[in-house]
Amino acid sequence: MKQYDHIKIEKKCPSSAITLRHGKQKLAEYNHKRIEIKWQRIWERKKLYKTVEPKSADTAKNNKCYILDMFPYPSGEGLHVGHPKGYIATDVYSRFKRMQGFNVLHPMGFDAFGLPAENYAIKNKIHPSVAVKKNIKRYKEQLEIIGLDYDWSREVDTTDPEYYRWTQWIFLQLFKKGLAYESNEPINWCPSCKTGLANEDLEDGKCERCSSVVEKKPIRQWVLRITDYADRLLKDIDSLNWPESIKESQRNWIGRSEGSEISFAVEFENGGKPGLVPVFTTRADTLFGATALVLSPEHPWVTLAIDENHKGVLKNAESVGQYVALSKKKTEIERTDAGKEKTGVKLDGVWAINPATKEKIPMFIADYVLADYGTGAVMAVPAHDERDWEFAKKYNIPIRCVIKDEKNYSDTNKENNCKLLKEVFDLSRKHDFIMVLVGGMARLAQSDKKFGLHSDVDVFVTQNGWKIIEKQLADRGFNSKLSTGEKTGSHFWKNHKAFWSDKDGVWLDLFLLEEENGIYFDTIIGKKFVWGNNSVLEDVRVDNFDFTVPNKDLLNSIYQNLSSGWIECFTGEGLLTYSDKFDGLNSKEAKKKITEFVGGKMVTKYKLRDWVFSRQRYWGEPIPLVHCEKCALSNPAGQGVVAVPEKDLPVKLPNVKSYEPTGTGESPLATISKWVNTKCPQCKGPAKRETNTMPQWAGSSWYYLRYMDSKNKKALVDPKKEKYWAPVDLYVGGTEHATRHLIYARFWHKFLYDIGVVSTSEPFTELKNQGLIMGEDGRKMSKRFGNVVNPDDVMATYGADTFRVYEMFMGPFEQSIAWSTQNMIGSRRFLERVWKLGCRFTDTKHETVDRGLEAGTFEIVLNKTIKKVGEDIQGFSFNTAISSLMILLNAMEKTVVTEEQMGVLLQLLAPFAPHMAEELWSAMGNKNSIHIATWPVFDPEKLVEEMVTIAVQINGKVRGQIIVSKDSTEEVVKNQAQGIPEVKKWIDRQQIKKVIYVQGRVVNIVM
RNA sequence: GCUCGAGUGGCGGAAUUGGUAUACGCGCCAGACUUAAAAUCUGUUGACCGCAAGGUCGUGUGGGUUCGAUUCCCACCUCGAGCACCA
């Protein structure tokens, strides 16, 4: 423990108010206020929690432990009791680690740039810098009374120029590496906050801050190329010890999808060939089923087709134009509501060519196709995509099934399918259709016994020379002779078909697929049937049958009926069918082969967008760039954007009176000509500063690095210190940062890793999320519900130690639980009992009372507790750690306890109730702080009692118990078990079949 | 709709390489102390039947595997969280 020499508590305190006791002292009643303030002052004075790096460079790194809380954003409201839960947990953990001899880094700071602080300032008419100072002060006071072990000498504040100089520095490095670029693309614009926002700042298409519906607005902005890191951000998720839900959210957010880019040729009716439209698809295997090409309304091809110069290309350019205009007006929410009915407009006078089938297919525009994902155009495969399916039904696009569902052949399905088949037959009867079934009679005959299907079928075609079997024959029932000409070969046809048709060749298709274990419907519907050219059905032509055909309206109504009812679109993967030479391939292989076949390429796309990094607001880090017209002329590629030299950082945010957002797309900084007009660092001519500021998430994307070396004026962090402390061993905070802070920080960290500033590729190895504390009424704690509990009040009444113990005891750390003051009183009672017990050791000789608990048995309880508390703190199971401390206390109250044993209790309690533990520890005559005492070690020999209780079961039901020596042999235990009266009375009646003994646990007698 | 997580007394919760379900705490009830109350201490407390001995049921529901299932398997229901027209 050498490294802590400097914090040994001295014998005399400089302040007369606080003297350390020499020897044992008599203690008064438990007065939490006096004790807590006293020790907080002493700890601060003694710098008990100050962290120092080891002096020699070769100190083993495995002795360090960097424990980090997500630093708070100090709002005007102050903390409620839910906020400190995570801080208390890391405090318990870090105290435990310190006692175990680790060199602990447990810092704290404040994040205060950005919209919330600025909006608060505007609302309350206080300058943000003043409001932030005030809020930080309040937060810090609130945190201090909890008795947390932060090393405040390392505090960071993201709005401090000495801090944001390095935020700006990182931006410059990104800029130099080409990862920051200027753009004028339309982005999310919050009309209320009057600024552009990143995708991550939205919640359901609304501004995350003020819940206003965002608009798309083209403004000049700075953007960071986070997508360059998408692949690495995704891949490295696997290596992180994070909650699965957070990892899943990040994977989801990054949204990698592998697919193909395939071009569709476009042709005009008049013969013109305007070129190719590329689509992105993850399902190239379904290309043969692509029966339309759908473009987003913003697609450049559409824009071109409806502009003045190309009038006449589209026959319906006007209605197309109207649709495009309508889409533009819609908000993001209206456009992306998946529940709403799909709309679109067919492009008349033009068609696309399916590159696989070479068929002409219709073209549409529809707003369900997103402009900014993939290529802004999709191939519609109605049979195998829900959205296309829905769209196709509405606009009468052919639906063609090209994938067989392999998985769907279970017995239950077979039964269901037969029921469905029956339904179809009933339908055909009702509407006077003719039912034709092709092939598969053997199978059908079997199913038929149950459902009596055959009598409904009018015409059968078998494989034996494609004979048409008359209905009469069918009526007589099937036999194997009829259905299988030869028994050897496969008599299960790959595809079977039942269909209706009219003479015009308008078909209502029903595919019946059959495999070894059943028949089922694959898909139906399609106004025009295309024969697969591999099928046995090739020889079956409509001319072979003499149909009586109902009218088309009726056909249509059945079509509707069927399509809305039991027919489903199959979106899974399977084996290909009706796909020419690719038939029988599985989806996975087919994706590659078909892409290759049509000259496409395999590509990877991400949902993640580049990070819109500028805000048209005052309260943020100025972006350290200048715009110089002269430099733009001499070097057009650079567009006149010049980086502020590193030595001139920080570019300080000017202190101004008026900072309200302008709403013009310009930051309020633009109006401060004194600040804006500057000298170009390159050509020394006149230039203008960049007036956009950075988003709220900038400062928090790297703050954990600054704690390692918070005062460094020369570098963001000293590489030596970084090497020692990195990475953060344990990071604790709320789940709300899953797709914001935690992605941004990983991105910046990886960038800093690439340029050699940090030594690890990931910033946070382990992450834990605390569950919320709800109001006493079970609702989320909020001013609105009037159920907010103020921690200051709680601690004034019950004490910080009680508060801490309760928050850790209330339930599993990750779980949300409602606050209960009543339950908290239980924790207070526990501490009072510890106090009472402790007092017996402080004045004269200790005298706990023997109330019948044997010393040996107690030893075992004590050792078990040492083991369990250590394991539970390590595993963040604080509730069970405290529960076992309660069990220990219960035992201590029933036996004679030694001073040393009392000390162990205090040490185990110290992380949870640091003030009380310290007070009693000190009062018992210890000179050094309990928080730097060595964590107790348990004796493995003393974990099991000599005599163990074993349950005796009869047929698995507990009937009695026996107490045996822990070393008893199996035979002895079994015999003893059969000897007890509760068991005897059962045994007497019946024969014993078997006796099972589980070592030290249970005997089960089977009758 | 998709993904993930969770369903245990009056309440928060404990226990899962399958082995005495309800630890610990809260509340309730009874007793001690008190003129009384609060506080504190002691004891009881899963449900049902029974005077009792004792028995039956019981970890969301229904099945299954097993000598034995809160724990494993299948199907379903409910709640919570996240994502959601991403082709």
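The analysis underlying the following values was restricted to heavy atoms, covering all of them including side chains, and did not include hydrogens, waters or symmetry mates. Chain identifiers are assigned alphabetically (A, B, ...) following the order of the sequence lines, protein sequences preceding nucleic acid strands; residue numbering begins at 1 within each chain. These figures come from a predicted structure and were not determined experimentally.
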(message) Using 0.5 Å steps for rounding, measure from the CD1 atom of A:Ile996 to the CD atom of A:Gln953.
(response) 9.0 Å
(message) Donor-acceptor check, side chain of A:Tyr30 to backbone of A:Arg833, threshold 3.5 angstrom: yes or no?
(response) no
(message) I'd like the P distance from B:C72 over to B:U59, given in whole Å.
(response) 15 Å
(message) By nearest atom, which of the nucleotides B:G13, B:G19, B:C85 is closest to the A:Val1002 side chain?
(response) B:G19
(request) Using the C1' atom on both, measure B:U66 against B:C73 and round to a whole Å. (result) 12 Å
(request) Return the value, rounded to whole Å, for the distance between atom CZ of A:Arg828 and atom P of B:U40. (result) 10 Å
(request) Calculate, to the nearest 0.5 Å, the distance between atoms CG and CG belonging to A:Leu240 and A:Leu767 respectively. (result) 8.5 Å
(request) Please give the nucleotide sitting opposite B:G54 as a Watson-Crick or G-U wobble pair, both distances under 3.5 Å, or none. (result) B:C49
(request) Name the orientation of the base relative to the sugar in B:G64: syn if the glycosidic angle is within 90° of 0, else anti. (result) anti
(request) Please test A:Ile887 against A:Lys864 for side chain to side chain contact (heavy atoms under 4.5 Å, CB included), starting from the C-alpha separation and ending with a verdict. (result) CA-CA 10 Å; A:Ile887 294 169; A:Lys864 274 186 177 168; over 6 Å; no
(request) Check if the side chain of A:Gln961 and the base of B:U20 share a donor-acceptor pair of N or O atoms closer than 3.5 Å. (result) yes
(request) Check for a donor-acceptor pair, side chain of A:Lys974 on one end and backbone N or O of A:Val995 on the other, with a separation under 3.5 Å. (result) yes
(message) Need the pair for B:G82. Rule: Watson-Crick or G-U wobble, both distances under 3.5 Å, any strand; none if unpaired.
(response) B:C2
(request) Under 4.0 Å from any atom of RNA chain B, heavy atoms only: list the residues of residues 992-1001 of chain A that qualify, in numerical order. (result) A:Ile996, A:Val998, A:Arg1001
(request) Could you state the atom-to-atom distance from CG of A:Asp372 to P of B:C85 in whole Å? (result) 11 Å
(request) Would you mind checking if A:Arg251 and A:Glu248 are paired as a salt bridge, meaning a charged N to carboxylate O distance below 4.0 Å? (result) yes
(message) Under a 4.0 Å threshold between the charged nitrogen and the carboxylate oxygen, would A:Arg828 count as salt-bridged to A:Glu832?
(response) yes
(request) Please state whether the phosphate of B:A87, meaning OP1 or OP2, lies under 4.0 angstrom from any side-chain nitrogen or oxygen of A:Ser257. (result) yes
(request) Grab the CE-P distance between A:Met810 and B:C11 for me, whole Å please. (result) 17 Å
(request) Can you tell me the pairing partner of B:C67 across any strand shown, Watson-Crick or G-U wobble, with both distances under 3.5 angstrom? (result) B:G19
(request) Grab the CD-C1' distance between A:Gln815 and B:G80 for me, whole Å please. (result) 11 Å
(request) Round to a whole Å and report the spacing from CG of A:Asn769 to P of B:C4. (result) 18 Å
(message) Roughly how many Å apart are B:C41 and B:U34, using the C1' atom of each and rounding to a whole number?
(response) 13 Å
(request) Counting heavy atoms from C-beta on, name the nucleotide in B:A84, B:U20, B:G82 closest to the side chain of A:Lys607. (result) B:A84
(message) Check this for me, if you would: do A:Lys216 and A:Glu298 make a salt bridge, where the nitrogen-to-carboxylate-oxygen distance has to be below 4.0 angstrom?
(response) no
(message) Distance check needed: B:C85 P versus A:Met379 CE, whole Å only.
(response) 20 Å
(request) Sort out for me which residue in A:His384, A:Lys588, A:Lys591 forms a side-chain hydrogen bond (donor to acceptor under 3.5 Å, both in side chains) with A:Glu573. (result) A:Lys591
(request) Write down the distance between CG (A:Asn1004) and C1' (B:G18), rounded to a whole number of angstrom. (result) 13 Å
Anything under 3.5 Å between a protein N or O and an N or O of nucleotides 22-28 of chain B, put it in a table, one pair a line.
| residue | atom | partner | partner atom | Å |
| --- | --- | --- | --- | --- |
| B:C24 | O4' | A:Ser883 | OG | 3.4 |
| B:C26 | OP1 | A:Arg829 | NE | 3.0 |
| B:C26 | OP1 | A:Arg829 | NH2 | 2.9 |
| B:C26 | O3' | A:Gln822 | NE2 | 3.2 |
| B:C26 | O2' | A:Asn823 | OD1 | 2.7 |
| B:G27 | OP1 | A:Gln822 | NE2 | 2.2 |
| B:G27 | OP2 | A:Arg829 | NH2 | 3.0 |

(message) Do A:Trp253 and A:Glu200 pair up side chain to side chain, a donor and an acceptor below 3.5 Å, judged on atom types alone?
(response) yes
(request) Output the single nucleotide from B:C83, B:A21, B:A87 whose closest atom is nearest the side chain of A:Val369. (result) B:A87
(message) Tell me if a side-chain donor or acceptor on A:Tyr323 pairs with a main-chain N or O of A:Asp367 at a distance below 3.5 Å.
(response) yes
(request) For B:A87, take OP1 and OP2 only and decide whether either is under 4.0 Å from a side-chain N or O of A:Tyr368. (result) no
(message) Please encode protein proximity along nucleotides 50-59 of chain B as a string of B, S and -, counting only heavy-atom distances under 4.0 Å.
(response) ----SSSS--
(request) For the pair A:His741 and A:His737, name the ring-plane relationship: parallel under 30°, tilted 30 to 60°, perpendicular over 60°. (result) perpendicular
